[in-house]
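The next block holds one structure in the form of structure tokens; read it before the comments.
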Amino acid sequence: MTASDIGDAPGDLTGTVTGTLDPGPDPPSATPTHCPYCALQCGMNVGGRPVTVTPRSDVPANAGGLCQKGWTAAEMLTVPDRLTTPLMRAHLGAPLEPCSWDEALDRIAAEVGRLQEMYGPDAVGVFGGGGLTNEKAYQLGKFARIALRTSQIDYNGRFCMSSAAAALNRAFGMDRGLPVPITDLAQADTILLVGGNVAETMPPFMRHLIDQKAAGGSLIVVDPRRTSTARQADLHLQPTPGTDLALANGLLHLALVEGYVDEGYVAERTSGFDTVHTVINAYWPDRVERITGVPVPHMREAVRMLTRDRVLILTARGAEQHAAGTDTVTAFINLALALGLPGREGSGYGCLTGQGNGQGGREHGQKADQLPGYRKIDDPAARAHVAAVWGVDPQILPGPGRSAYELLAALGTDTGPRALLLFGSNPVVSAPRARSVEERINALDFLVVADFVLSETATRADVVLPSAQWAEESGTMTNLEGRVLRRRQAVPPPDGVRTDLEILSELAGRLSAPGRWSTDPAEVFEELRAASAGGVADYSGITYERIEAEGGVFWPCPAEDHPGTPRPFLDRFATPDGRARFTPVEHRGAAEEVDADYPVYLTTGRVLAHYQSGAQTRRIDPLVAASPDPFVELHPDLADRLGITEGMDVLVTSRRGAAVVRARLTDTIRHDTVFMPFHWAGSGRANSLTNPALDPVSRMPEFKVCAVRLEPALDGVSER
Ligand SMILES: Nc1nc2c(c(=O)[nH]1)N[C@H]1C(S)=C(S)[C@@H](COP(=O)(O)OP(=O)(O)OC[C@H]3O[C@@H](n4cnc5c(=O)[nH]c(N)nc54)[C@H](O)[C@@H]3O)O[C@H]1N2
Ligand SMILES: Nc1nc2c(c(=O)[nH]1)N[C@H]1C(S)=C(S)[C@@H](COP(=O)(O)OP(=O)(O)OC[C@H]3O[C@@H](n4cnc5c(=O)[nH]c(N)nc54)[C@H](O)[C@@H]3O)O[C@H]1N2
Ligand code: SF4
Ligand SMILES: [Mo]
């Protein structure tokens, strides 16, 4: 595999990876910062007029590479429909019209007051995002708890990392995405990547896999599609969507039978192996082949490859976004533990965090059940500690609220919030069963959206606040390695735009909130350090100066003279007894199986050129040119049976809704499965179809599998 091999992803353009494009000299006085998009947080220099972006080579994650989204990131600063003034609706049904900041903020404070007076504090909800800096995520959680006194806050990370997070907490007592710095990947003998398509979702990540291969390592990819990532693998396992748990149990069964279990490690560093051993007996290879569709010899080969010295097992959304996502990740952790990997040099289990600050965004209190430092909101000691930092009585802190989908599904109902304040998400496109979420949002008495552009959700708001974005503000981001990085301001925000911290401070003042509401990220970070001190995600030893000097600091970092923790678990796990916990888990199939009416599995995910709900990337011309339309990927044999041909408009229907998208025929996908990216709104919206069945532990919706029917879209059937 070479760098040029990677450029074959659909929609991929030159410049995806290190070395394929000469970045040229950095613009004069460029500011070193990081990409606005994914969790790889590629380093980039930003500056000049017009503003340009060039990759940094001093950041290990991207080492001089950027993907197409990174290269074009500066265009987002000046998109023609960038919001530069608040917008407000005079009354229900009136159009959104420009207004002053005072009018907008006064109106929000008045509506919040009115609704909370009538219905109590939980009448107002908050929805955050994993793209927010640590400072903003922290301040948003604090704002909900002590300015609004509402329990009703959650965020889009619930749709992203929550199953892996829950499994990590259960097994290791700590949710840190990668257990090693990304540069350790190159030394791995074997990497098992389950449900991740990094060639499209984090292209410069491929550099580490290239280095690994060059050093003699092997890659196993598990994906129902032969993706551009799977094509680089030594072994590609292609299961039916939603069957990874059975696969992991099957691999563990083989490891047991063939004597590969590291008994010394299991005895010394883990607990609960016996309970798992009993369950695993039932996952004999033929049965697992029947469930997953993965041939037994491939499983045997995989297990053999996993018995090498330095081995990493990684999961991403393909394995996690299921109603059994937590148990699926647990099954892979059980496998890793049986092989003695976690806590061994260069080995372990990790999950690939998705959003820019997906890791930090899940640590500082925008989750329904959480206080800063990854503390539990129902833990009296945690409440006392955080309340003291905030200068309030612990009694006033609300308890846990609803998870993201449950919060969205409750909006405007008798028991749910009547108003919602939304920062950093576009759920009208990205939430499961989106049509009903849209109805719930429309049923609100009052919706506030802070964004850079009029997203599909913002168009439904009563007040829209124009926020500053990435290169216009500073703060910290915690990347997929758990490394805390500095996002630096490179350009001033346009006139009329305010930072999210400024917005929260203004609103807190109007609501007579207790506590400090600084608009300076450095001051907010100082408070976050104190609030996180002693918690699982302890940032108290991290300072902006250290981040600058050391190129980032890995949490936990409990003291300024502590080196940070690039490799947790080498000595002990973060559980009370220091041992990692096995938990027995059973395969239970998809929440919605195929049947005569809906005979095909739909899975959903990403393409290289677009980011998430597309609110940002659908406004950037080169990205639109690279990937202009929503589509459904299906096998030519399936297409043939259904009378569908390449490029035809196809009506895809599930029990929850319909979408019309273009057919893209490819033999790289299973015969029984079709794939749709979720980046588009309107009639091509994949989430009109998806199933909001929730994982019982993480409350993650089942984005990655539901049952659909496909047919040529005839005029009149089309929902366009
Ligand atoms: N271009 C781009 N990059 C992104 C993002 C983006 O929107 N666009 N978003 C960022 C974010 S927030 C995230 S979370 C990450 C996500 O990064 P990934 O997890 O790599 O992305 P996905 O495309 O959602 O899913 C990965 C793969 O899972 C496969 N899959 C589907 N169902 C199953 C299954 O049941 N089992 C298995 N094993 N695999 C399955 C799909 O075929 C797909 O190839 O990407 C980040 N990077
Ligand atoms: N079918 C299907 N659906 C999915 C997934 C899937 O795989 N399949 N993946 C899920 C996953 S993993 C994720 S992470 C979600 C993501 O889905 P969303 O939560 O909708 O994510 P974005 O599109 O990034 O939305 C961010 C919005 O906030 C704005 N924004 C960005 N940064 C900031 C900021 O700092 N401040 C403010 N005020 N606004 C900001 C952007 O302009 C954009 O409108 O989608 C989920 N939905
Ligand atoms: S891989 Fe992620 S962080 Fe890097 S340039 Fe692309 S979107 Fe940005
Ligand atoms: Mo995500």
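Every heavy atom of this structure was used, including side-chain atoms; hydrogens, water molecules and symmetry mates were not. Ligands are counted one by one from 1 in listed order, and the atoms in each one are counted from 1 as well.
- Below 4.0 Å from some heavy atom of Ser425 lie the following atoms of ligand 2, by number and element: 18 (P), 19 (O), 20 (O), 25 (O), 26 (C), 27 (C), 28 (O).
- Taking the side chain as every heavy atom from C-beta outward, Arg82 and Val497 approach each other to under 4.5 Å.
- Proximity to Ser467 (heavy-atom distance under 4.0 Å) selects the following atoms of ligand 2: 38 (N).
- Looking only at heavy atoms of the protein, atom 34 (C) of ligand 1 is closest to Gly318 O, 3.0 Å.
- Rounding to the nearest 0.5 Å places CZ of Arg207 at 13.5 Å from CG of Leu185.
- Among protein heavy atoms, the minimum distance from atom 1 (N) of ligand 2 is reached at Asn687 OD1, 2.8 Å.
- Against a heavy-atom cut-off of under 4.0 Å, Thr227 is close to the following atoms of ligand 1: 44 (O).
- Contacts between Gln469 and ligand 2 below 4.0 angstrom, taking non-hydrogen atoms only, are absent altogether.
- Closest to atom 19 (O) of ligand 1, if we only count protein heavy atoms, is Arg317 N, 3.0 Å.
- Nearest-residue assignment for atom 25 (O) of ligand 1 (options Glu200, Lys704, Arg606; heavy-atom criterion): Lys704.
- Salt bridge Glu320/Arg317: present, at least one basic N to carboxylate O contact under 4.0 Å.
- When only non-hydrogen protein atoms are considered, atom 2 (C) of ligand 1 lies nearest to His610 O, 3.3 Å.
- No hydrogens or angles considered: a donor-acceptor pair under 3.5 Å links the side chains of Asn156 and Gln355.
- The closest protein non-hydrogen atom to atom 23 (O) of ligand 2 is Ser613 OG, 2.5 Å.
- On a distance-only criterion, Gln321 and ligand 2 share at least one N/O pair closer than 3.5 Å.
- Checked against the 6.0 Å centroid criterion, the rings of Phe159 and Phe703 qualify as a close aromatic pair.
- With a 4.0 Å cut-off on non-hydrogen atoms, Cys160 touches ligand 1 through its side chain and not its backbone.
- Among all heavy-atom pairs drawn from Tyr37 and Ala73, the shortest one is CE1-CB, 4.2 Å.
- In this structure a side-chain-to-backbone donor-acceptor pair under 3.5 Å is missing from Gln366 to Phe127.
- Looking from atom 29 (C) of ligand 1 to the surrounding protein, the closest heavy atom is Asp223 OD2, 3.2 Å.
- Ligand-side atoms of ligand 2 in range of Thr690: 1 (N), range being under 4.0 angstrom from any heavy atom.
- Atom 7 (O) of ligand 1 has its closest protein heavy atom at Gln612 N, 2.6 Å.
- In this structure, atom 46 (C) of ligand 1 lies nearest to the protein heavy atom Gly354 O, 3.7 Å.
- From His679, atom NE2 reaches atom OG1 of Thr617 across 7.0 Å, with rounding to the nearest 0.5 Å.
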* Asked: So Lys136 and Phe423, side-chain contact (heavy atoms from CB on, under 4.5 Å) or not? Walk me through it.
  -> CA-CA 9 Å; Lys136 297 198 285 189; Phe423 289 76; over 6 Å; no

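- Each of the atoms 19 (O), 26 (C), 27 (C), 28 (O), 37 (C), 38 (N), 39 (N) of ligand 1 lies under 4.0 Å from some heavy atom of Gly195.
- Atoms of ligand 1 found under 4.0 Å from any heavy atom of Arg225 (numbered from 1 in listed order, with element): 41 (C), 42 (O), 43 (C), 44 (O).
- Every atom of ligand 1 with a heavy atom of Thr603 under 4.0 Å away is listed here by number and element: 31 (C), 32 (N).
- Here the protein heavy atom with the shortest distance to atom 35 (O) of ligand 2 is Lys136 NZ, 2.8 Å.
- Contact annotation: for Asp500 versus ligand 2, heavy atoms closer than 4.0 Å belong to the side chain alone.
- Proximity to Ala615 (heavy-atom distance under 4.0 Å) selects the following atoms of ligand 2: 43 (C), 44 (O).
- A side-chain contact (heavy atoms from CB on, under 4.5 Å) with Ile291 holds for exactly one of Asn249, Thr243, Leu245; it is Thr243.
- Considering each of Thr229, Thr201, Thr292, the one bringing a non-hydrogen atom nearest atom 18 (P) of ligand 1 is Thr201.
- Scanning the protein for heavy atoms near atom 44 (O) of ligand 2, the closest one is Asp451 OD2, 2.6 Å.
- Between the side chains of Thr478 and Asn134, a donor-acceptor pair is found at a separation under 3.5 Å.
- Residue contact check: Ala450 has heavy atoms under 4.0 Å from atoms 37 (C), 38 (N), 39 (N) of ligand 2.
- Inspection of the Arg699 and Ser162 side chains reveals no N or O donor paired with an N or O acceptor under 3.5 Å.
- A heavy-atom separation below 4.0 Å is not found between Val705 and ligand 1.
- Near Leu132, the atoms of ligand 2 lying under 4.0 angstrom from a non-hydrogen atom of the residue are 34 (C), 35 (O), 36 (N).
- Here the CD1 atom belonging to Ile669 is positioned 11.0 Å from the CG atom belonging to Asp667, to the nearest 0.5 angstrom.
- Looking at atom 8 (N) of ligand 2, its nearest protein heavy atom turns out to be Thr604 OG1, 2.9 Å.
- Scanning all protein heavy atoms for the shortest distance to atom 33 (C) of ligand 2 gives Phe452 CZ, 3.2 Å.
- In the vicinity of Ala316, heavy-atom distances shorter than 4.0 Å reach the ligand 1 atoms 19 (O).
- To the nearest 0.5 Å, atom CD1 of residue Ile503 and atom CG of residue Leu105 are 7.5 Å apart.
- Under a 4.0 Å criterion applied to the non-hydrogen atoms of Val607, ligand 1 contributes the atoms 1 (N), 2 (C), 8 (N).
- Counting atoms of ligand 1 from 1 in the listed order, those under 4.0 Å from a heavy atom of Leu608 are 1 (N).
- Put simply, Cys67 stays out of reach of atom 8 (Fe) of ligand 3, with no N, O or S atom under 2.8 Å from it.
- Remark: the backbone N or O of Thr328 is not paired with any side-chain donor or acceptor of Asp244 at under 3.5 angstrom.
- When side chains are defined from C-beta on, Arg664 does not count as touching Phe675, because their heavy atoms never get closer than 4.5 Å.
- Side-chain N/O atoms of Asn426 and Thr457 include a donor and acceptor closer than 3.5 Å.
- Ranking protein heavy atoms by distance to atom 40 (C) of ligand 1, first place goes to Pro224 CD, 3.2 Å.
- Ligand 2 places these atoms under 4.0 Å from at least one heavy atom of Asn156: 18 (P), 19 (O), 21 (O).
- At a heavy-atom cutoff of 4.0 Å, ligand 2 is contacted by both the backbone and the side chain of Asn426.
- Distance from atom 20 (O) of ligand 2 to its nearest protein heavy atom, with residue and atom name: Ser430 OG, 2.7 Å.
- Closest approach of Ala302 to Leu251, counting heavy atoms only: CB-CD2, 4.2 Å.
- Closest heavy-atom approach to atom 38 (N) of ligand 1 within the set Val198, Asn197, Thr328, Asp244: this belongs to Asp244.
- Atom numbering of ligand 1 starts at 1 in the shown order; those under 4.0 Å from a heavy atom of His322 are 34 (C), 35 (O).
- Scanning all heavy atoms of the two residues, the minimum distance from Leu623 to His610 falls at O-NE2, 3.7 Å.
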